[in-house]
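Quick note on labels: first sequence line is chain A, next is B, and so on, each numbered from 1.
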Protein chains: 2
Amino acid sequence: MAKCSLNKNTRQRQLSRYLEEDPFLTDEDLACILKVSVQTIRLDRFDMQIPELRERVKNVARGGRQLRTMAGGELVGDLVDLEIGNSGMSILPVTPAMTLSKTSVARGHHIFAQANSLAIAVIDAGAALTGAARVSYKRPVYCGEKILAKAVIKIKKGNKYMVKVTSEVKDEIVFKGKFLVFALQEEGVPQ
Amino acid sequence: MAKCSLNKNTRQRQLSRYLEEDPFLTDEDLACILKVSVQTIRLDRFDMQIPELRERVKNVARGGRQLRTMAGGELVGDLVDLEIGNSGMSILPVTPAMTLSKTSVARGHHIFAQANSLAIAVIDAGAALTGAARVSYKRPVYCGEKILAKAVIKIKKGNKYMVKVTSEVKDEIVFKGKFLVFALQEEGVPQ
DNA sequence: AAAAAATTAGTACCTGGTACCAAGAATAGT
DNA sequence: ACTATTCTTGGTACCAGGTACTAATTTTTT
């Protein structure tokens with residue numbers, strides 16, 4: 001029974017690993033991956049109290065449904081002005097999902113994300129990457145406030161850009177950052 | 001036909017309103033709410049190109065998954081080790097949602113977010129804020145790779161901490177950052 | 001009243017399951 | 001070597017929440 005038990009256990013561990021990675025797998029998918037029958041998968045799920053696909057999907061949907069922030073576009077915040085190769089501006093309203101639950105203070109990486117994505121947007125290139133950044137947070141930003149980020153290209157050398165971003169809430173500076181950005185040539189990017 | 005058309009239109013508007021509010025409603029639920037037959041609901045959905053429940057839930061789930069990384073928890077990535085007041089480690093698998101659509105290179109602010117949130121997590125405080133950061137990206141990270149971030153507190157002075165974070169993919173350093181973090185006293189934070 | 005539009009009803013079929021029963025294979029204990 | 005136990009597989013009936021399609025019925029328009 002040892003060998004069989006071992007197989008069963010390792011299979012069940014694998015099963016949960018696969019499902020953690022991708023909860024959208026059907027029993028049939030799993031059976032195929034783990035080279036056992038669908039029934040075995042079902043027994044395994046039952047053993048491990050793992051609900052069926054539809055329930056899993058529902059759970060993910062309920063858990064993840066909140067405010068959108070970093071998801072959709074390439075840009076965090078709403079672009080209000082863009083002069084490619086020169087400067088740009090974006091507005092990010094701070095929603096509850098972006099704040100530390102205890103304090104309703106916006107988490108730093110959201111402010112960074114707005115600035116960083118704006119810095120990249122002003123670059124005149126199909127794609128660009130941040131190489132380095134030096135940022136400082138001047139004061140906390142609270143839920144409900146709107147962050148206006150302004151980016152200006154300061155230096156351009158070949159495919160290297162230095163972009164300065166200043167973020168304000170009602171004319172008060174909350175964040176400053178210098179971003180070193182590299183423009184990528186359209187091809188040549190490994191997959 | 002005017003009255004009927006009107007009824008149909010208003011019903012369809014109501015339908016989409018109800019579904020926006022709660023995408024988990026079945027056709028039967030909707031039929032009950034709107035006092036028409038299930039078939040009518042189906043025709044309406046077909047008219048308005050609204051997919052069936054399971055598809056809707058899936059969409060929400062997929063959307064939710066992307067956001068979860070930035071929106072859901074306070075931490076970006078999965079904490080694998082944490083010694084509060086000393087060091088911590090987290091893993092962030094790079095999903096398609098995090099990458100520049102053209103190149104499948106992870107956008108910088110996700111890598112920053114993982115590091116930043118880890119830096120805050122290692123601080124021994126109810127809440128903490130990033131005051132400044134100096135970061136550099138050593139090489140692009142691609143979709144499918146897993147980023148292992150390691151944070152260590154280097155200096156502590158009162159409520160000020162200097163945290164160094166190094167992120168690697170398969171023992172190769174992809175990102176380095178120094179974060180200046182301030183611990184917040186539990187109260188006294190304005191709403 | 002006839003034509004057109006909208007609604008409802010009914011059927012066959014699909015996916016991804018549950019719940020249950022029985023047969024077959026593998027392993028353990030003796 | 002043989003039996004008992006555990007694992008695995010197969011099969012069936014059933015369910016929710018649909019699709020796709022046809023046909024009948026009601027409502028509205030002309």
- Can you list the residues that meet the side-chain contact (heavy atoms from CB on, under 4.5 Å) rule with B/Asn86, with sequence neighbours excluded? B/Glu83
- How is A/Val36 classified with respect to the nucleic acid when contacts are heavy atoms under 4.0 Å: base, sugar-phosphate, or nothing? sugar-phosphate
- Query: Counting any heavy atom closer than 4.0 Å, what does B/Gln39 reach on the DNA or RNA strands: base, sugar-phosphate only, or nothing?
  - Reply: base
- Message: Strictly below 4.0 Å: does B/Thr40 bring a side-chain N or O up to OP1 or OP2 of C/dT7?
- Response: no
- For D/dT8, does either OP1 or OP2 sit under 4.0 Å from a side-chain N or O belonging to A/Arg11? yes
Between [options], spot the one nearest the side chain of [X], thanks.
{"X": "A/Leu43", "options": "C/dG17, D/dT9, C/dA6", "result": "D/dT9"}
{"X": "A/Arg45", "options": "D/dT9, C/dT18, D/dG18", "result": "C/dT18"}
{"X": "A/Leu53", "options": "D/dG18, C/dG17, D/dG10", "result": "C/dG17"}

- Message: My understanding is that only residues two or more places apart in sequence, or in another chain, count here; which of them pass side-chain hydrogen bond (donor to acceptor under 3.5 Å, both in side chains) with B/Thr166?
- Response: none
- Could you state the atom-to-atom distance from CZ of A/Arg54 to C1' of C/dT15 in whole Å? 6 Å
- Task: Check the distance between C/dG16's C1' and A/Lys58's NZ and give it to me in whole angstrom.
- Result: 13 Å
- Query: Is the distance between the ring centroids of A/Tyr137 and B/Phe179 under 6.0 Å?
  - Reply: no
